[in-house]
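See structure below.
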Amino acid sequence: MDNTRIYRMSFAGVYPLYIQKAERKGRTKEEVDEIICWLTGYSPASLQQLIENKVDFEHFFKQAPDLNPNVSKIKGVICGYRIEDIEDPLVQKVRYLDKLIDELAKGKSMEKILRK
């Protein structure tokens, strides 16, 4: 599978789609931001800066201060792939984020989403 497209995809272009998905299900932008910051270690201010700079997913995750140690608890299927079995580290991180946003949209509590 050629993952170049995912590497070059703009995080800033996908971010509004995450928010739309959450808001359609009665969730908030703040919850989306909390999930992203939990996963990556970014502060809300640094997250906003990355969005304004239109970084791609490769740089978004490469520059992430600290991937949350509980990411190993994120399991399941997203886009037809079992997250635990994805071999490309960047694609796996993108799918972690997708899975967390899906869980938010499905009504899971933030405590469960953040694996507390």
Are L97 and Y81 grouped together when hydrophobic residues (ILVMFWY) are joined by side-chain heavy atoms under 4.5 angstrom apart?
yes

How long is the span from the [atom1] atom in [X] to the [atom2] atom in [Y], to the nearest 0.5 Å?
X    : Y    : atom1 : atom2 : value
L39  : L100 : CG    : CG    : 6.0 Å
R95  : D102 : CZ    : CG    : 10.0 Å
S10  : H59  : OG    : NE2   : 12.5 Å
T28  : E30  : OG1   : CD    : 4.5 Å
L114 : E34  : CG    : CD    : 5.5 Å
I36  : I51  : CD1   : CD1   : 6.5 Å

Contact summary for [X] and [Y], nearest pair of heavy atoms:
X   : Y   : result
G76 : E84 : N-OE1, 3.1 Å
A64 : T40 : CB-O, 3.6 Å
P44 : C37 : N-SG, 3.9 Å
L90 : F57 : CD1-O, 3.6 Å
L67 : K93 : CD2-CE, 3.7 Å

So do I74 and R115 actually touch side chain to side chain, heavy atoms under 4.5 Å?
yes

Give me the ring orientation class for F11 and F60: parallel if the planes are under 30° apart, tilted from 30 to 60°, perpendicular past 60°.
parallel

Check: [Y] main-chain N/O paired with [X] side-chain donor or acceptor under 3.5 Å:
X   : Y   : answer
Q92 : E87 : no
N68 : N70 : yes
K75 : S72 : yes

Tell me yes or no: between the side chains of D33 and Y18, is some donor less than 3.5 Å from an acceptor?
no

Could you verify whether a donor N or O on one side chain and an acceptor N or O on the other, from Y15 and K29, lie under 3.5 Å apart?
yes

Please evaluate residues M110 and I35 with respect to the criterion side-chain contact (heavy atoms from CB on, under 4.5 Å), reporting the C-alpha separation (whole Å), side-chain torsions for both, the decisive distance (0.1 Å), and the verdict.
CA-CA 8 Å; M110 286 300 286; I35 288 169; 3.8 Å; yes

